[in-house]
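First up is the structure itself, then whatever we jot down about it.
Sequence lines set the chain letters: A, B, ... in the order given, protein chains first and strands last, and positions in each chain run from 1.
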2 protein chains.
Amino acid sequence: MNNFSDATSCPVRNVLDRLSDKWTILVILVLGETGTMRFNEIHKQIGDISEKMLTVSLRKLEADGLISREVYPVIPPRVEYRLTALGQELLPLIDTISNWANRHMQQILTNRQQYNG
Amino acid sequence: MNNFSDATSCPVRNVLDRLSDKWTILVILVLGETGTMRFNEIHKQIGDISEKMLTVSLRKLEADGLISREVYPVIPPRVEYRLTALGQELLPLIDTISNWANRHMQQILTNRQQYNG
DNA sequence: CGGTATCCTGTGCGATACTG
DNA sequence: CAGTATCGCACAGGATACCG
């Protein structure tokens with residue numbers, strides 16, 4: 001039996017708190033699909049994320065060791081992001097949830113509408 | 001290849017937007033571990049969630065059809081929550097992420113510390 | 001190209017009080 | 001017991017401008 005009540009020591013909460021924002025999981029999915037990507041590729045792929053939030057998301061993922069960030073000292077600058085081994089390990093789990101979402105969205109939307117009248 | 005760029009039509013975003021708040025996934029996990037639970041049981045199990053946010057989270061999960069809410073017309077009131085079939089189907093996926101979190105938290109915390117100096 | 005720096009706003013969330 | 005109602009605020013996140 002788990003104990004979720006202490007936010008700082010509970011692993012699940014420690015990790016989920018980090019994944020539970022508007023963009024992080026999406027960034028992992030995109031990087032997982034395409035492999036190595038540059039900043040603006042990710043940006044285009046997600047579409048409505050602001051540059052600021054993409055930067056913030058990437059930096060947090062880098063800090064946690066889920067993605068790597070390689071800077072090529074050329075002009076114009078070239079920066080490549082990719083999943084690390086740790087990130088690769090997380091990817092299939094997120095992918096599974098993504099598939100579940102695809103399978104059940106219609107049902108969930110119907111439920112939601114009915115509930116809200 | 002997925003297209004994540006339209007928030008309203010993309011299944012992944014539709015579903016993830018709903019799961020990506022501070023408490024929802026935790027509520028699913030707790031209900032998954034213990035089965036049928038009353039309001040205050042969930043509240044105690046999570047500890048630092050406010051009654052307001054627990055109510056909000058439960059209502060959203062109910063709206064999406066992931067949990068059911070059964071009210072017994074007795075005094076004092078008795079309300080039981082449990083995962084629906086749809087919720088049960090999502091549970092193992094979240095469980096897997098929870099396990100991943102348990103396995104890798106220490107590494108992630110170390111990464112984070114090193115990154116932030 | 002790949003970002004910062006600033007400013008600003010909506011809202012997620014907590015705290016507290018009250019209720020059938 | 002299982003909630004609502006209300007208030008207030010920190011902060012996530014958007015918009016815009018600027019930069020090496």
Cut-off 3.5 Å, side chains only: do [X] and [Y] have a donor facing an acceptor?
X       : Y       : answer
A:Asp95 : A:Ser98 : no
A:Asp17 : A:Ser20 : no
A:Thr96 : A:Asn99 : no

Mind calculating the distance between [atom1] ([X]) and [atom2] ([N]) to the nearest angstrom?
X       : N      : atom1 : atom2 : value
A:Leu54 : C:dC1  : CG    : C1'   : 13 Å
B:Asp48 : C:dG14 : CG    : P     : 8 Å
A:Met37 : C:dG3  : CE    : P     : 13 Å
A:Ile49 : C:dG2  : CD1   : P     : 15 Å
A:Asp17 : C:dC13 : CG    : P     : 10 Å

Sugar-phosphate only, base, or nothing, as touched by A:Tyr81 at under 4.0 Å among non-hydrogen atoms: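 It contacts sugar-phosphate atoms only.
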Covered region of DNA chain D, 5' end to 3' end, by chain A [heavy atoms, under 4.0 Å]: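 Nucleotide range with atoms under 4.0 Å of chain A: D:dG13 to D:dG20.
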Side chain proximity check, [X] to [Y], heavy atoms < 4.5 angstrom:
X       : Y       : answer
B:Ile42 : B:Gln45 : no
B:Leu61 : B:Thr24 : yes
B:Leu86 : B:Leu66 : yes
B:Arg38 : B:Tyr81 : no
A:Asp21 : A:Lys60 : yes

Upstream residue (5' side of DNA chain C) when A:Pro77 and A:Arg59 are each assigned their closest nucleotide: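 Its nearest nucleotide being more 5', the pick is A:Pro77.
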Residues forming a ring-ring contact (aromatic ring centres under 6.0 Å, His included) with B:His43, sequence neighbours excluded: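 For B:His43, no residue satisfies ring-ring contact (aromatic ring centres under 6.0 Å, His included) once neighbours in sequence are set aside.
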Could you go over nucleotides 5-12 of chain C and give all protein N or O partners under 3.5 Å, atom names and distances?
none

A:Arg38 side chain near C:dG3 phosphate (N/O to OP1/OP2, under 4.0 Å):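 No, outside the criterion.
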